[in-house]
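I have placed the structure first, in the form of structure tokens, so that the comments after it can refer back to it.
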Amino acid sequence: MTHTSTDAVRHYEKALEHLLFFRDEVTTEARAAVRASPHSVMANVLTAYLGLLGTEEKDAAEARTSFDAFRRGAPLTGVTPRERMHLAAASSWLHGDIHGAGRILGEISVVHPRDALALAVGHQIDFFTGSATLLRDRVGGALSAWEEDDPHFGLLLGMYAFGLEEAGHYSRSEQVGLAAVERNARDVWGIHAVVHAYEMQGRFTDGIRYLDDRAGDWTDGNYLKVHNWWHYALYVLETGRTDQVLAVYDDAVHHEGSSGVAMELLDAASLLWRLHLAGIDTGGRWAALADAWAGREDGAYYVFNDIHAVMAYVGAGRTPEAERLIRDREAWIRSTRPEVSNVAMTAEVGLPVSRALLAYGRQRYDEAVDLLLPLRYRLHLFGGSHAQRDAVQRTVVEAALRAGRHDVARTLLSERTALRPVSPYNWAARARLADHLGDSARAAADRRRAREQASEVSG
């Protein structure tokens, strides 16, 4: 902690604790550490990371300005090798190379596996870049260096549980996630990992029960609460009770008092898009959400956010705004350095998906299928989780059904039901396919299966 006073260290430690628990107070404590020791390397590094973790373009720009000024004015003689690596990681991300930052943080974790900041920030980078293997192994590779009685060990387990889930180890993820939350009841990332494990197994009833039982631990005092409400709504959606889904949306996901941050707006767009695919009338919600996205005036920064802005514009019937966003991103990738990670993420996946969403909104379903089919196994390149990206996967299914691409629809639905035979959505979609094919007996059987699964979830 070079150039860091005792008072600044105290604020830094509090900020790190808040970060690991996703508490709102993290920024206040990090800034207090910088005020106490303006030349502190780690206080400034932590503040820079916080400017990046929200995937907000304006926050990142402010963080870059402050961090560059710090680097120009700070005496960096005597700085430790680990601090220099953190400086390099923060600088890389601030200047657009999120993958490079993740690699440097990984090098820190090899030499200093108990650096909780390097692990936590690296873990989020793996999430933003959609790397399931790194989500699992970055934390898994550090676990043996930690004592189980360390107060942060349980929080590390919560991270590891999410990595296990994204890498497909669902039972192990549930086990580790439950152990993490047993240690820290308000470990909202650990709760989130368990919720993901239930989602991927189609254990919707267990998910609803788990979130209900722990409502006092995750519904306030943290900035992951909206996202966990989004998960709750996904579970309810499988019951077919769209009125309850909309109630959750209005009460917790997006409303007049919402903060308008990208990570909450994308949850709102993802939820409404699922309802849009199902043909559900959502009233004026799309218009309000599109207004919220438009009011941000985002430039090209993180393509995962862009995808959800396009969903909002298409859902609201505001295709000119979706077109304008797409044209802006096309121009941006032509004029931006290729080492900026978002260039490849946008060019290779983000733009084709955006064009497909726009085609779907225009009822050009064949075009949507043709754009999305080659990307099905590469969607992770623009970040997010399997659960989040399923909105796009469902779009392929629905476009194939509407385009009369029966062989494609059958293949996709066969994959989905084989993987999650307890999903009412999968069986209901299969029934619609059977109707298209004139197989009334199969349609009736699949609808019966869908009702049975929905009833089980509701029960």
Side-chain angles (χ1 to χ4, degrees), residues 168 170 198-207 233-246 270-282 311 314-315 353 356-379 386-387 389-459:
Y170 303 133
Y198 290 150
E199 168 73 23
M200 296 308 294
Q201 296 175 85
R203 292 169 57 188
F204 310 115
T205 304
D206 290 339
L234 292 190
Y235 291 142
V236 177
L237 184 59
E238 291 286 350
T239 71
R241 293 297 306 273
T242 54
D243 56 334
Q244 292 184 6
V245 175
L246 291 172
S270 174
L271 185 55
L272 288 188
W273 187 257
R274 285 167 166 81
L275 294 169
H276 177 67
L277 293 175
I280 304 299
D281 181 8
T282 57
M311 284 182 187
V314 172
V353 170
L357 296 173
L358 184 57
Y360 189 94
R362 289 171 165 162
Q363 300 182 15
R364 299 200 315 231
Y365 301 121
D366 263 314
E367 181 182 343
V369 172
D370 289 340
L371 283 165
L372 291 176
L373 270 182
L375 298 176
R376 287 200 306 130
Y377 299 112
R378 301 175 62 232
L379 289 177
H386 295 299
R389 294 187 296 267
D390 194 50
V392 179
Q393 301 286 9
R394 289 191 184 206
T395 304
V396 193
V397 172
E398 295 297 334
L401 287 169
R402 285 164 172 75
R405 305 273 286 270
H406 298 147
D407 289 344
V408 172
R410 181 201 59 76
T411 301
L412 297 174
L413 288 169
S414 180
E415 290 175 4
R416 293 181 69 92
T417 51
L419 190 61
R420 288 202 292 182
V422 293
S423 169
Y425 167 79
N426 292 340
W427 289 104
R430 279 179 53 139
R432 288 159 51 211
L433 173 61
D435 280 336
H436 288 312
L437 296 174
D439 189 342
S440 58
R442 170 58 64 186
D446 288 344
R447 282 199 177 86
R448 183 169 59 253
R449 186 72 178 268
R451 287 194 300 270
E452 291 170 353
Q453 296 300 338
S455 177
E456 183 175 330
V457 178
S458 300

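All values reported here derive from a predicted model rather than from experimental measurement.
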Exercise for the section: Evaluate the side-chain contact (heavy atoms from CB on, under 4.5 Å) criterion for residues Leu234 and Leu271: first the C-alpha distance (whole Å), next the side-chain angles of each, then the deciding distance (0.1 Å), finally the verdict. Expected result: CA-CA 8 Å; Leu234 292 190; Leu271 185 55; 4.2 Å; yes
Exercise for the section: Show the numbers, then the answer: is there a side chain to side chain donor-acceptor pair (under 3.5 Å) between Arg451 and Ser455? Expected result: CA-CA 6 Å; Arg451 287 194 300 270; Ser455 177; over 6 Å; no
Problem - Main-chain N/O of Arg376 paired to Gln393 side chain as donor or acceptor, under 3.5 Å - result: yes
Problem - Under 3.5 Å donor-acceptor, Thr411 side chain and Asp407 backbone - result: yes
Inter-residue atom distance [X].[atom1] - [Y].[atom2], 0.5 Å rounding:
{"X": "Tyr360", "Y": "Leu372", "atom1": "OH", "atom2": "CG", "value": "11.0 Å"}
{"X": "Leu413", "Y": "Leu401", "atom1": "CG", "atom2": "CG", "value": "6.0 Å"}
{"X": "Tyr235", "Y": "Glu199", "atom1": "OH", "atom2": "CD", "value": "6.0 Å"}
{"X": "Arg203", "Y": "Glu238", "atom1": "CZ", "atom2": "CD", "value": "15.0 Å"}
{"X": "Leu277", "Y": "Arg394", "atom1": "CG", "atom2": "CZ", "value": "8.0 Å"}
{"X": "Leu246", "Y": "Leu275", "atom1": "CG", "atom2": "CG", "value": "5.5 Å"}

Exercise for the section: Verify the distance criterion only: is there a donor paired with an acceptor across the side chains of Thr417 and Arg430 at less than 3.5 Å? Expected result: yes
Exercise for the section: Return yes if a side-chain donor-acceptor contact under 3.5 Å exists between Arg410 and Ser414, otherwise no. Expected result: no
Heavy-atom closest pair, residues [X] and [Y]:
{"X": "Asp435", "Y": "Ala443", "answer": "OD1-CB, 3.2 Å"}
{"X": "Arg420", "Y": "Gln201", "answer": "CD-C, 4.2 Å"}
{"X": "Ala368", "Y": "Ala359", "answer": "N-CB, 4.0 Å"}
{"X": "Val422", "Y": "Phe204", "answer": "O-CE1, 3.8 Å"}
{"X": "Thr395", "Y": "Ala391", "answer": "OG1-O, 2.7 Å"}
{"X": "Ala400", "Y": "Val369", "answer": "N-CG2, 3.5 Å"}

Handout entry: side-chain contact (heavy atoms from CB on, under 4.5 Å) assessment of His276 paired with Thr282
Key = CA-CA 8 Å; His276 177 67; Thr282 57; over 6 Å; no
Exercise for the section: Tell me, with the steps shown, if Tyr425 and Asp390 meet side-chain contact (heavy atoms from CB on, under 4.5 Å). Expected result: CA-CA 12 Å; Tyr425 167 79; Asp390 194 50; over 6 Å; no
Exercise for the section: Test salt bridge (Lys or Arg N to Asp or Glu O under 4.0 Å) on Glu398 and Arg402 and set out the steps. Expected result: CA-CA 6 Å; Glu398 295 297 334; Arg402 285 164 172 75; 2.5 Å; yes
Practice task
Carefully, step by step, assess Arg432 and Val397 under the rule side-chain contact (heavy atoms from CB on, under 4.5 Å).
Solution key: CA-CA 11 Å; Arg432 288 159 51 211; Val397 172; over 6 Å; no
Exercise for the section: Step through the shown structure and confirm whether more than 12 heavy atoms of other residues, nucleotides or ligands are within 6.0 Å of CZ on Arg442. Expected result: no
